[in-house]
Structures are given as C-alpha cells and as structure tokens.
Amino acid sequence: MSARAAGGRALHAVPESTTDKLTIAQAVRDAMAGEMERDERVLVLGEDVGVDGGVFRATEGLIERFGPQRVIDTPLAESSIIGMSIGLAATGFRPIAEIQFMGFVYPAVNQLFAHAARLRNRTRGNLSVPMVVRMPYGGGIHPPEHHSESYEAMFLNTPGIKVVVPSNPYDAKGLLTAAIRDPDPVLFMEPKRIYRAFREPVPRDGYTVPIGKAAIAREGEDVSLIAWGAMVRVCLDAAEVLTRSDVAAEVVDLRSLNPLDRETVLASVAKTGRAVVVHEAPRTAGFGAEIAAQIGEHALLQLEAPVRRVAGFDTVFPLARSEQYYLPSRERVIDAVQRVLSY
Amino acid sequence: MSARAAGGRALHAVPESTTDKLTIAQAVRDAMAGEMERDERVLVLGEDVGVDGGVFRATEGLIERFGPQRVIDTPLAESSIIGMSIGLAATGFRPIAEIQFMGFVYPAVNQLFAHAARLRNRTRGNLSVPMVVRMPYGGGIHPPEHHSESYEAMFLNTPGIKVVVPSNPYDAKGLLTAAIRDPDPVLFMEPKRIYRAFREPVPRDGYTVPIGKAAIAREGEDVSLIAWGAMVRVCLDAAEVLTRSDVAAEVVDLRSLNPLDRETVLASVAKTGRAVVVHEAPRTAGFGAEIAAQIGEHALLQLEAPVRRVAGFDTVFPLARSEQYYLPSRERVIDAVQRVLSY
Amino acid sequence: MPRTRVYEAVTERLEILDVEGRVDQALMPALDAEALRGLYRDMVLMRNFDDKALKLQRQGRMGTWPPIKGQEAVQAGVARAMGEHDWLIPAFREHGVMALRGVPLHLIYAYWAGDERGSCYPEGVRCFPVAVPVGSQWQHGAGVGLSLKLSGEDAVAVTFGGDGSTSEGDFHEALNCAAVFGVKAVFVIQNNQWAISVPLHQQTATATLAQKAHAYGMPGIQVDGNDVLAVYVATREAIQRARRGDGPTLIEAVTYRLGDHTTADDASRYRPEGEVEAWEGRDPIQRLRRHLEGAGLWDESQEAVLQEEAHAWVESQVKAFEEMAPQEPEAIFSSMYAELPPHLVEQMNELLAEVRS
Amino acid sequence: MPRTRVYEAVTERLEILDVEGRVDQALMPALDAEALRGLYRDMVLMRNFDDKALKLQRQGRMGTWPPIKGQEAVQAGVARAMGEHDWLIPAFREHGVMALRGVPLHLIYAYWAGDERGSCYPEGVRCFPVAVPVGSQWQHGAGVGLSLKLSGEDAVAVTFGGDGSTSEGDFHEALNCAAVFGVKAVFVIQNNQWAISVPLHQQTATATLAQKAHAYGMPGIQVDGNDVLAVYVATREAIQRARRGDGPTLIEAVTYRLGDHTTADDASRYRPEGEVEAWEGRDPIQRLRRHLEGAGLWDESQEAVLQEEAHAWVESQVKAFEEMAPQEPEAIFSSMYAELPPHLVEQMNELLAEVRS
Ligand SMILES: Cc1ncc(C[n+]2csc(CCOP(=O)(O)OP(=O)(O)O)c2C)c(N)n1
Ligand SMILES: Cc1ncc(C[n+]2csc(CCOP(=O)(O)OP(=O)(O)O)c2C)c(N)n1
Ligand SMILES: [Mg+2]
Ligand SMILES: [Mg+2]
C-alpha cells in the first residue's frame with residue numbers, strides 16, 4: 001500500500017485534470033487567493049506581505065490581484081497585527097494575519113490569548129473573532145536566531161484558538177481554506193522547512209480538509225508514529241527504512257492539534273500497542289506529553305511499551321551550525337522505535 | 001504521622017525561639033527584606049510595589065526600609081519591568097520583578113522567553129540574568145477577569161527559566177531566598193488564594209529550600225497525589241477525608257516545576273502504583289501531561305491504573321460566579337482517587 | 001543649513017466651563033437647554049449608579065467595582081458627541097459612557113458581579129466588552145477604525161484608556177498604526193492622575209499626555225476633563241475629522257478619580273493629603289449645575305425630580321440584575337467555540353455529572 | 001483661558017559635513033587630523049569587512065548576513081563618541097560599531113555563521129549580544145541605563161535600533177521608562193528608510209522619527225546619518241548629558257541601507273527605481289574622503305595603504321573565524337544554566353551516545 005493511499009487525501013480524491021502540482025507555499029497562497037476571490041471580507045495583513053509578497057513568497061501576487069486595501073503591509077508591530085485583526089474580525093472582516101516567524105509571536109500573545117481566544121466566550125457569543133493567524137514555524141533551514149522555533153504548546157494550553165498544521169500541499173490548501181471559513185480564531189502553522197520541498201497535485205477549486213481530523217499517512221501494525229508538520233515526513237522516512245527490518249510503522253499525521261483527533265490516535269495505538277510521538281519543540285511540557293498522557297489514560301492496558309517521545313532537547317534552539325544536534329532526525333525516530341519494540 | 005512531619009520542612013527544623021508565625025505573603029516579604037539586607041545588589045521593582053506595598057501587600061514596608069532606589073514603582077509596562085530587569089541583572093544587580101497578576105504576564109513574555117531565558121546560553125556564559133520574577137497566580141479569590149490564571153505550562157516548555165511554587169510559608173521564604181541567590185532567572189509563582197490562609201513558624205534568619213527538590217507533604221501507600229502551590233492543600237484535605245475510607249494517600253508537593261524532581265515522583269509512584277496529578281491550569285497540555293507522560297515512561301510496569309489528571313477545564317477561567325465549577329476541588333480529587341483505586 | 005528645525009510641536013488645551021459655572025461664550029457649543037440638562041442628567045445618573053454599586057459591594061452583592069466618581073464629565077461628553085452607529089471600545093472604567101451608549105445597567109452590574117452574560121449586549125449596541133488587560137483595547141480601537149475605513153461605513157471607533165495605559169506598548173503600536181492607516185478613530189485618555197498608586201509624574205516624564213500625539217503624526221488635544229462642554233466639543237470635532245476621512249485624533253481629558261482604584265483598594269495609603277478635597281472642589285457635576293442654575297435652566301424641584309428618577313432607575317436595574325437566574329454550569333463551555341469540540345463535550349458532561357450528583 | 005498652549009517644542013536636524021565634503025566651521029567638532037583620518041579608516045574597514053561577509057555568504061562560508069553598507073557613518077560616529085566604559089546595546093545591523101567597541105571581527109563572523117561563541121565577547125568588552133527580536137533591545141538599554149544611574153558608575157548605555165523597530169511597543173515602553181527614571185542612556189535610531197520591504201512612510205505617519213521624543217519628555221534630535229561629524233557631535237552631546245545625570249536622549253540618524261535587507265532578501269523587488277543610486281551619491285565614506293582630500297589630509301597613496309591594511313585585517317579575521325574548531329555537541333546544553341540540571345545531563349548523555357555511535 002502506498003505511503004499515502006490510506007491518508008486523508010484519498011477521501012478528497014479529485015479528477016487529475018482540475019489539479020495543479022503545487023508546493024506547500026504555493027498551496028497556502030492558492031487557498032488565500034481562492035478565499036479572497038470567494039469572500040470579499042477576507043483580508044491579508046502582516047509585515048512584508050504586500051509588495052514583497054512575504055519573506056517566503058506565500059502572499060506573492062496577492063496585492064497585485066486584490067489591491068492594498070485587502071493585502072495590507074503593516075508597521076513592524078506584532079501586537080498590532082493581531083490586535084487590529086481582532087477589531088477587524090469582530091466587526092465583519094475575516095483577516096488572515098501573518099506573523100513572519102513563529103519566533104516573533106511573543107509580542108502578540110497578549111492579544112492572542114487575552115482577547116482573540118476569549119472574545120466569544122467573554123461576550124457569551126455576542127462578538128467573535130473569525131481570524132486566521134499564519135506563521136512559519138520549525139527548524140531545518142539554518143537561519144539566524146529566533147527563526148526556527150515551534151511554540152505550539154502554549155497555544156494548546158490556552159483554550160479558544162484552534163491549531164492546525166499541514167504536512168503536505170493538499171492539506172495545506174484544504175486546512176487553510178477550512179481555517180479561513182471557520183467562525184473562530186485558528187492558528188495555522190506552516191512547516192517552513194518543507195515549504196518547497198516537494199510538489200503534489202492540488203485541486204484548483206476550493207475545498208476544505210476538516211479541522212479536528214487526523215490522517216493515517218501510512219498504515220502499519222507494529223508501532224504508531226504520531227507527528228505533525230515537517231516531522232510527518234521524518235516519520236515517513238523512518239517508516240520506509242524500518243521496512244528493511246520488517247517493521248511496519250503506522251504514521252499518524254495529526255493535522256489538527258486543537259481539537260485533537262484522539263479517536264484516530266487511540267485506534268492506531270490499539271492496533272499497534274506501541275507509540276512514538278515526534279515533535280520539534282522542547283520535550284518537557286511539549287505537546288508530546290499530552291499525547292503520551294492521553295494514550296496512557298485511555299490505552300494503558302493496550303500498551304506493550306511506554307510511549308516514547310522524540311523531541312527537541314530542553315535547550316534554546318541552536319544556531320545554524322549546531323542545528324543538526326537538536327532536531328529530531330530519522331535516525332532518532334528509528335532508534336526510538338527499536339526501543340519500544342525491544343521493551 | 002502528621003501531615004507535615006515527613007515533608008521538606010523536617011529537614012530544615014530550627015529552634016522555635018528564632019521563628020515567627022507568618023503567612024505566605026509575610027514569608028515572601030520576609031525573604032525579600034532579608035536578602036535586600038544581605039546583598040545590596042538586590043532590588044525590587046514593579047507596579048505599585050513601593051508606596052502602596054503591592055496590591056497583596058507583599059512588598060509592604062520595603063520602600064520605607066530600603067528607599068525608592070531599591071524599591072522601584074515602575075510605569076505600567078510589563079515588558080519594561082522584565083526588559084529593564086534584564087539590563088539591570090546583566091550589569092550587576094539582582095532584580096526581583098513583580099508582575100501584578102500572572103494574567104498580566106503576556107506583554108512580558110517576549111522579554112522573558114526571547115531574552116531572560118536565553119542570555120546565558122546566547123553568550124555562552126558571558127552574560128547572565130540573575131533575576132526573580134514574582135507573580136501571584138491561580139484562582140479562588142473571586143476577582144475580575146484575568147486575575148485567576150495559571151500559565152506555568154508555557155514557562156515549562158521554554159527552557160532557561162526555573163519555575164518554583166511554594167505551598168506554605170516555610171517553603172515560600174526558603175524557595176524565594178534560593179531564587180534570589182540563584183544565578184539564573186527564576187519564576188516564583190505565589191498561590192494568592194492561600195497568601196494569608198494560615199500561618200506557620202518561619203525562621204527569622206535567611207535559609208534556602210533547594211530548587212529542584214520536591215517534598216512529601218504527607219506519606220501514604222495507596223495513591224500518589226502530585227500537586228503544587230494551592231492545590232497541595234486541596235490534596236492534603238482530600239487525603240485527610242480519604243483516611244475515613246481507609247485510603248492512605250501520599251501527597252507530593254513538587255515545589256519546583258523546573259527542574260522537576262522526577263526521582264521523588266517516581267519513588268512515590270513506585271510505592272503506591274497509582275497517581276493523580278492536580279493543577280488549576282487547563283487540562284490539555286498542562287504540566288500534568290508532562291508528569292503523566294514521565295510516569296508512563298519510567299514506571300509503566302508499576303502502574304496499577306492510568307494516571308489521572310484533575311485540572312481546570314479547557315475553557316477560559318470563569319468569572320467569579322462560575323468559578324466553583326472550574327477549580328479542582330477536594331471532591332474532584334477524591335473522586336479521581338476512587339477511580340484509580342477501582343480501576 | 002547646519003542646525004535646522006524639522007518639526008514644531010504645539011499642543012493645546014481646551015476649557016469652556018469653569019469651576020464657577022461660567023462658560024466661554026466664543027467656544028460654547030450650540031446646545032439647547034434640553035441638551036444641557038441632558039448632560040447634567042447623564043452625569044447625575046452615573047453618580048447614582050456608581051454609588052449604588054459601591055453599596056452593593058459592601059453588602060456582598062457585587063464583585064470588585066472600579067468607581068467612576070469624578071470622571072462623569074468625560075464619559076457624558078464623549079458619549080453625547082458620538083453618532084448612532086459609532087463603536088465604543090472601553091477599558092474598564094467606562095460604565096458611564098457604556099450605559100449612555102445603550103449597555104443596560106443591569107448587565108454592567110452583572111459583569112462586575114462576576115457573570116459573563118453582563119458582556120452580552122443587546123442587538124445593535126455597538127460596544128466592545130470591558131478590557132481588563134491595561135492598554136490592550138487601544139489596538140482594538142485601531143482595528144475597528146480600520147474596519148470602518150475599509151468598509152466605508154459612516155461610523156467612527158471611540159476608544160478609552162487611562163493615563164496608566166499610555167505606558168503600555170499597545171498604546172503606542174495602536175496609535176502609530178491608526179495614523180499610518182488614517183483610520184476612523186478617536187482615542188480618549190481619561191487622565192485621572194493615578195494608575196492605582198502610581199501618580200502621573202511616575203508614569204511619564206511629559207508635561208501632558210496629549211503631546212504623545214506628536215509621536216504619531218496625529219492631532220492631539222488636552223481638555224479639562226471635568227468640563228463636560230470642552231469634552232463634548234473636542235470629541236465632536238475629532239469624530240467629525242475621522243468621519244470625513246481625515247484620520248484619528250488623541251484626546252487627553254484631565255480629570256480625577258475621586259474614589260479608590262477599585263473596591264479592593266485603599267487610596268488613602270498613597271495619596272497626598274488634601275488632594276481629593278481639592279479635586280472635589282472641581283466636581284464636574286456641580287460645575288454644570290451652577291451653570292444651569294445661573295442660566296435659569298435648573299432649580300431645586302427639578303433636582304429633586306431627577307434624583308428621584310435616578311434612584312428609581314438604579315433600583316430597577318439592581319432588581320433586574322439580581323433577578324437574573326444563575327448561569328447554568330455548562331455556560332462555562334458553551335461559548336468557547338461556535339461549535340463545541342468533542343473534548344469539551346466530554347468535560348462538560350464530567351462537570352454536569354458532578355454537579356447533578 | 002479657553003484654548004491655550006500647554007506644550008511647545010521643536011525638533012532640530014544637525015548637519016556638518018555635506019555631500020561635497022564641505023564642513024560647517026561653526027559646528028565642526030575639535031577633532032585633529034588623526035581623529036578625522038581615524039573616522040575615515042573606521043568606515044573603510046567596515047565597508048571592507050561587510051563586503052567580505054557577502055562574498056563568504058555567496059560561497060557558502062557564512063550564514064544569513066545583514067549588510068551595513070551605507071550606514072558606516074552612524075556606526076563610526078557613535079562608536080567614537082562613546083567613552084571607554086560605556087555600554088553598547090546593539091540590534092542586529094551594528095557590526096561596525098560593535099567592532100569599533102572591541103568585539104573581535106572573527107566573533108562577529110562566527111555569530112552570523114551560526115556559532116553561539118560569536119556572542120561570547122572578551123573580558124572588558126561592554127556590549128550586549130545581537131538582538132534579533134526587533135525592538136526588544138530598547139528595553140535592555142533602558143535597564144542598563146538605570147543600572148548605571150543606580151550604581152553611580154561613570155558610564156552611559158548606548159542602544160541602537162532601526163526605523164522599523166520604532167513601531168514596536170518595546171520602543172515606547174523603554175523610552176518612556178528611561179525618561180521617567182532619568183537613566184544614563186542614549187537611544188540611536190538608524191533610520192535607513194526601510195524595514196525589509198516596508199518604507200518609512202508606511203511605518204509611521206510622522207515627519208521625523210526624532211519627534212517621537214516629544215512623547216517621552218526627552219530631547220530628540222535628527223542628524224544626517226551619512227555625515228559622520230554630525231553623528232559624532234550629536235552623540236557626544238547626548239552622552240555628556242546622560243553622564244551629567246540630565247537624562248536620556250533620542251537621536252535619529254537618517255541614512256540608507258544600500259544593500260539588501262539580508263543575504264536572504266532581494267531588495268530590487270520593492271525599491272523604487274533610482275533610489276539606491278541617489279543614495280550612493282550621498283555615500284558617507286566618499287563624503288569624508290572628499291573633505292580629507294580637500295584639506296590635504298589624505299591622498300591616493302594613503303588610500304592604497306589603508307585598503308591594503310583593511311584587506312589584511314579582514315583576511316586575518318576570516319582565518320581566525322574559519323580556524324575555530326567546531327563547537328562540541330554538548331555546547332547546546334552547557335550554557336543553559338549556571339549548573340546543569342539532571343534532566344539536561346540525561347539529555348546531553350543521550351545526544352553524546354548518539355553522536356559517538
Ligand atoms: C496589563 C495589565 N497590567 C496590570 C494590570 C492591573 N491593573 C489594573 S488597573 C491598573 C491601573 C490602571 O491605571 P490607568 O490606566 O490610569 O486607569 P485607571 O485605573 O486610572 O482608570 C493596573 C495596574 C492590568 N489590569 N493589566
Ligand atoms: C519582533 C520581530 N518581528 C519581525 C522580525 C523579522 N525582521 C527582521 S529585521 C526586520 C526589519 C527591521 O527593520 P528596521 O528596524 O528598520 O531595521 P533594519 O533592518 O532596517 O536595520 C524584520 C521585520 C524580527 N526579527 N523580530
Ligand atoms: Mg488613571
Ligand atoms: Mg530600517
């Protein structure tokens with residue numbers, strides 16, 4: 001069975017003729033362009049998203065097509081980008097805010113957590129914040145300081161903001177489209193390391209990949225590898241290598257971290273009895289802990305071995321020359337699998 | 001055996017004559033006053049810490065004693081409070097910064113996480129940030145919005161800042177003294193709900209409770225209750241009630257969340273085979289997940305039942321009139337214990 | 001041209017009604033007797049419901065309450081200068097202007113008593129909920145102002161904040177962005193001299209707060225905030241400017257918090273002797289009353305009727321507030337998202353099982 | 001007094017050396033020939049090491065590099081106005097001033113090549129490491145300035161930031177606090193007209209950045225940032241003021257980023273035609289050279305010697321940088337805390353086991 005056949009995409013199969021082969025970055029742009037076309041309330045704003053087309057070119061061409069009233073270069077102020085988006089969203093617009101790198105989201109967390117995440121609840125539904133916050137995250141591109149971070153855990157302990165992460169172009173377009181149409185704030189994390197790593201057919205028309213549903217990126221019976229974003233590919237690579245030692249690893253691509261598709265995770269673990277969670281963020285109090293805790297809680301008796309976590313170390317993300325020591329690698333995943341198998 | 005005899009305090013027993021009976025709030029003040037006396041590099045700064053003595057009176061009298069050069073009322077700017085403290089700490093002072101409520105720490109997280117947590121590592125030890133950040137946290141006092149939050153999880157997924165939480169006056173003074181003397185940034189969380197709930201003897205002289213060591217607040221053989229701050233008392237209460245049904249609960253007071261005293265946690269679970277983790281923050285991706293994950297990882301075969309978490313719900317902390325629905329209560333802890341016992 | 005002037009900064013202050021009740025006729029707005037009496041009535045109602053809240057709090061029937069006593073002129077002046085469709089973005093000490101903009105008083109009470117439904121305003125009331133994190137609301141005001149500019153709607157966003165809130169980064173970012181985008185917004189600082197225990201001179205080294213507008217390239221003006229007419233005129237001008245598309249304005253209204261910071265505070269710990277008394281002499285309500293009486297527009301019997309009306313209204317609102325059935329426990333979940341995700345359904349059921357057991 | 005002025009102030013611009021190399025004698029600082037040649041030399045060295053970094057980057061021997069080409073006068077002028085014990089708090093485009101303040105060039109290269117040891121400066125070099133989160137460093141400058149005020153040390157904190165960084169809340173908070181506390185600090189904006197692709201007029205609606213000082217009650221001055229003498233004079237004055245205890249100053253140095261934002265950027269995508277060429281005509285280095293030549297203080301042969309010296313120095317620094325042994329893997333752990341906690345020991349051992357296997 002192909003690495004993808006069992007994945008979410010099979011559900012959304014479309015005729016070849018209506019697809020383009022796109023990278024993740026292109027699929028992201030395509031989703032925004034499509035939704036801006038479809039709904040004039042949709043706006044894009046952020047640093048360098050206009051004339052420059054974004055530092056990763058994810059908004060390239062949008063200002064030419066939709067004009068500077070809908071593709072807005074903001075001053076260098078993350079708290080304003082989110083704070084103004086709240087004002088826009090609460091009064092009828094559907095802003096897509098870009099934070100240039102997840103490493104620079106900190107100045108915006110007050111607006112995100114104290115307001116965007118709470119406005120619906122605070123007003124008992126009277127006002128809401130239909131907003132998407134896009135941000136490239138994660139390591140692997142050897143950039144300067146603060147450009148490689150993965151801060152999802154703090155969003156996941158802060159109720160009110162959905163969190164999604166695509167691992168491939170099809171999901172990128174479908175999840176982002178779903179996020180833009182969602183009535184609540186959605187954090188859309190973009191795995192910058194694989195922005196243009198590969199192309200896949202992506203339907204030209206708009207479609208959604210539902211938020212809250214994981215995908216089985218590869219089926220297997222021996223161990224469940226649970227990951228999201230760029231780490232899904234690392235797991236798929238590891239799974240491929242593991243076939244050589246006759247180990248059939250299943251790869252669960254969470255796609256949505258909040259809400260979490262616990263059912264799919266537990267079903268996979270029920271089948272394999274073993275789980276390895278893989279993420280880039282520091283290990284301690286990373287979202288891997290939550291996955292491990294939930295598996296322990298709901299599948300204790302099915303576990304043949306402790307859930308292992310392959311994660312970043314509890315250190316600052318290193319500068320470029322030491323990056324390789326930090327990031328979870330295929331080898332580390334394989335090593336963890338071997339440990340859970342030999343437990 | 002008394003509820004406290006086996007605790008950390010036994011190790012620090014001091015002659016009665018040199019102690020005062022203090023509340024947690026007083027013990028906090030006492031620690032600051034003692035260290036300011038001992039080391040003139042120690043400063044206090046924050047909103048309303050001077051003339052007003054702090055909104056919880058934790059800095060009361062300090063400005064009279066040490067003057068406005070060492071007890072500094074700042075403008076209303078949390079990012080400045082931390083950012084300036086970094087400048088002060090890196091050049092020879094030992095600032096104790098107060099954030100008025102943990103709910104208002106968000107504007108400061110960029111300075112805390114992007115700088116305070118990293119300066120030593122970034123400069124390979126050349127500069128460092130010997131700073132303490134005090135903040136009242138947690139629910140139970142029926143205040144306005146944003147005054148009840150517990151945001152420790154994001155600090156624990158962000159390496160570089162130690163995190164300690166006292167549950168009683170003795171530890172409050174000892175841990176804060178240790179934090180002030182620590183060469184690295186320490187977040188000192190103060191359980192405002194029990195600021196003045198009770199008094200205990202606290203030595204007049206300076207002493208430290210080591211950072212990174214949990215305490216057994218009560219011994220027991222049947223189940224381990226793992227908590228910190230105000231939840232320790234809830235667990236002690238539950239343990240007391242549980243004796244009526246002949247259940248001997250052990251209460252582990254973590255005291256330090258980073259570094260975590262895994263050894264003590266695992267030793268307790270090895271003894272009891274059952275664990276319940278209790279915290280106020282939302283359940284998903286809270287620090288309880290990390291504890292559960294570590295127990296699962298290191299003690300899987302010793303577990304007689306899944307680790308349960310009694311935590312806040314994944315909602316915004318409610319306003320005063322619904323607070324009781326949200327906060328972990330003695331009853332919820334007892335219920336969780338009964339479930340792990342009947343698993 | 002070695003040392004040249006590249007910018008000249010001037011900041012003005014507007015006053016119309018003085019402490020004795022005399023007005024500057026040249027600046028006097030064209031308000032008829034009814035309108036003037038209306039402003040007076042607005043302020044009296046505020047004073048009454050604020051007093052009542054303090055009483056309720058002492059009786060344990062109210063949560064922490066931030067009093068507005070002394071700041072009624074700013075709130076009435078701004079509210080009455082606003083147009084029907086304008087948005088209000090308050091901080092947390094704007095009960096007066098909120099009430100005048102249509103937020104039912106019993107909901108204001110409910111909010112401060114700890115009931116989220118207090119922030120669910122009736123259809124058509126264009127008002128953000130209270131913003132407790134100091135300064136954060138400035139950004140929303142800039143965003144709503146941008147929204148109104150982009151949509152072309154004939155409305156303006158009016159945002160409030162305190163003197164203390166001008167020290168937060170959000171104040172700066174919001175005003176800077178508002179000016180860059182030329183949004184339809186007015187920013188009103190209620191400079192009541194204190195941020196809890198911190199006096200203005202420890203909050204900023206500037207002579208005025210209005211001059212901070214020079215950092216944004218927007219007009220800034222200081223008004224006597226205890227002079228309801230000056231507040232009204234300055235706000236009306238600023239709103240007209242924004243409505244015309246000529247961009248935002250910063251207004252500093254100089255006033256004074258006659259009460260404690262909140263019911264959890266004891267201002268006598270930090271205030272210099274005599275300060276409160278001095279400001280009581282500049283009471284915004286008495287000032288307008290003197291003017292009305294001098295002009296033959298007000299007398300004791302009208303006052304008695306008004307006090308009676310105020311009392312009745314406040315009591316009816318207290319009743320409406322106290323008759324609200326408690327929120328159901330599930331309410332803590334039901335507005336988290338448009339649709340409840342499975343884990344919240346599960347948690348809600350846990351809670352319901354517990355509550356019902 | 002109905003409509004009165006409550007604040008009046010001006011913002012000035014200082015220029016001394018014009019594009020042709022002529023100086024305003026009245027404002028000319030008392031610098032002897034050696035000092036003037038020194039400033040020229042400083043700038044030439046910067047231009048050389050910056051060029052070299054770009055070459056190394058193209059060859060894959062350097063990481064992302066933010067060039068300083070065009071901004072040499074700000075950096076030399078400020079560095080030479082600083083006293084021995086003054087602290088430097090840079091943003092990320094201050095390699096020039098950092099080098100002049102004693103940070104070895106090979107460490108600057110190492111940092112931008114991705115080696116943390118590049119921020120471990122030699123004993124006695126009073127300099128903060130590069131701050132990548134835009135605007136965050138302003139706060140550290142205020143804090144160091146407060147530290148120097150409290151300790152009574154005879155030193156001043158000089159903090160740098162870009163035009164874009166003035167939009168961040170941290171800029172505002174830091175300058176406001178610095179003024180309130182009267183700290184010993186100078187804040188220097190390198191206004192190079194662009195924040196990546198965002199031009200100044202989309203960053204702020206003000207006519208100048210210097211006028212933002214009016215929001216803080218501190219002096220602000222604009223200087224021609226391509227005029228090393230104006231930068232020097234304005235900085236010296238500001239440092240003296242701070243040293244005297246008279247509080248902080250904001251300096252806006254108007255300059256231009258002749259290169260791309262970084263080696264990861266392509267500025268031709270967003271810059272208007274002819275802009276770079278126009279600013280090349282205002283090159284800070286050529287300007288001082290014209291002056292020196294006109295005054296008979298510089299000639300071709302001196303230039304040749306200097307270029308030779310610059311080349312040799314830069315090459316020696318490249319060599320020192322490239323000869324640094326790679327960091328050990330455990331280095332990612334060893335400076336996290338003064339003492340390694342048990343979980344990091346465990347993780348370090350995991351890594352070492354893996355690396356050695
Ligand atoms: C970000 C933040 N920090 C601290 C607080 C605690 N706090 C509440 S009100 C207040 C003072 C506000 O002063 P000001 O802006 O002048 O408004 P006023 O209370 O005078 O109306 C403080 C410090 C808060 N609510 N938010
Ligand atoms: C908080 C933050 N947001 C975004 C970025 C990405 N970024 C790096 S430099 C830059 C532009 C900075 O402009 P300016 O302050 O003018 O400095 P210059 O690059 O011109 O020297 C941006 C947006 C960042 N480093 N930090
Ligand atoms: Mg105030
Ligand atoms: Mg710039």
Side-chain angles (χ1 to χ4, degrees), chain C residues 1-18 23-28 135 139 166-182 201-218 220-222 224 230 247-248 252 254, chain D residues 1-18 23-28 135 139 166-182 201-218 220-222 224 230 247-248 252 254:
Chain C
M1 42 156 235
R3 193 145 189 147
T4 49
R5 296 190 159 192
V6 284
Y7 184 70
E8 289 186 48
V10 175
T11 303
E12 289 190 328
R13 174 180 170 100
L14 179 68
E15 300 179 25
I16 298 179
L17 174 69
D18 75 9
V23 300
D24 183 314
Q25 290 300 344
L27 294 168
M28 184 70 185
Q139 302 273 22
T166 66
S167 296
E168 290 280 2
D170 272 350
F171 170 81
H172 172 77
E173 295 192 9
L175 270 72
N176 188 56
C177 287
V180 165
F181 294 123
H201 68 91
Q202 283 181 257
Q203 202 64 250
T204 183
T206 57
T208 69
L209 295 173
Q211 79 195 62
K212 292 183 188 270
H214 295 297
Y216 310 112
M218 75 167 72
I221 185 169
Q222 186 183 76
D224 178 342
E252 174 196 3
V254 180
Chain D
M1 40 153 236
R3 194 150 189 142
T4 47
R5 296 192 158 193
V6 283
Y7 182 68
E8 278 183 74
V10 297
T11 304
E12 289 190 326
R13 174 180 169 100
L14 180 68
E15 300 179 27
I16 297 178
L17 173 69
D18 75 9
V23 300
D24 183 314
Q25 290 300 343
L27 295 169
M28 183 70 187
Q139 302 273 24
T166 65
S167 296
E168 291 279 3
D170 272 351
F171 170 80
H172 172 77
E173 294 192 10
L175 270 71
N176 188 55
C177 287
V180 165
F181 294 123
H201 67 91
Q202 284 181 254
Q203 202 62 249
T204 184
T206 56
T208 69
L209 294 172
Q211 79 194 61
K212 291 181 189 272
H214 296 297
Y216 310 111
M218 73 167 73
I221 185 170
Q222 186 183 73
D224 178 344
E252 175 197 4
V254 180

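Values reported hereafter were calculated over all heavy atoms of this structure, with side chains retained and with hydrogens, waters and symmetry mates removed. Note on naming: letters A, B, ... go to the chains in the order of the sequence lines (proteins, then strands), and numbering restarts at 1 for each one.
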Q | Matching residue for Asn176(C) among Thr166(D), Thr204(D), Thr206(D) - test: side-chain hydrogen bond (donor to acceptor under 3.5 Å, both in side chains) | A |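 Answer to the side-chain hydrogen bond (donor to acceptor under 3.5 Å, both in side chains) test with Asn176(C) among Thr166(D), Thr204(D), Thr206(D): Thr204(D).
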Q: Under 4.5 Å, counting heavy-atom pairs only, tell me which of His214(D), Gln203(D), His201(D) racks up the most with chain C.
A: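 If we count pairs closer than 4.5 Å to chain C, His214(D) comes out on top.
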Pick one of side chain, backbone, both or neither for [X], based on which atoms fall under 4.5 Å of a heavy atom in chain C.
| X | result |
| --- | --- |
| Phe171(D) | side chain |
| Leu27(D) | side chain |
| Leu209(D) | neither |

(Q) Which residues pass the side-chain hydrogen bond (donor to acceptor under 3.5 Å, both in side chains) test with Thr208(C), not counting sequence neighbours? (A)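 Counting only residues at least two positions away or on another chain, Thr208(C) forms a side-chain hydrogen bond (donor to acceptor under 3.5 Å, both in side chains) with Gln211(C).
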Q: Please identify each residue that fulfils side-chain hydrogen bond (donor to acceptor under 3.5 Å, both in side chains) with Glu12(C), with sequence neighbours left out.
A: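 With sequence neighbours excluded, Glu12(C) shows a side-chain hydrogen bond (donor to acceptor under 3.5 Å, both in side chains) to Arg3(D), given in chain and number order.
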Q) Closest approach of Glu173(C) and Ser167(D), non-hydrogen atoms and distance? A)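 The answer is CG-O, 3.3 Å.
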Q.
Contact between Gln222(D) and Tyr7(C) at the side-chain level, heavy atoms closer than 4.5 Å - yes or no?
A.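 A side-chain contact is absent here, since even the closest heavy-atom pair is not under 4.5 Å.
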(Q) I'd like to verify something: which residue of His172(C), Glu168(C), Lys212(C), Glu8(C) has the highest number of heavy-atom pairs under 4.5 Å with chain D? (A)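 Heavy-atom pair counts peak at His172(C).
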Q: Give the member of Ala215(C), Ala230(C), Gly217(C) that has the highest number of heavy-atom pairs under 4.5 Å with chain D.
A: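 That would be Ala215(C).
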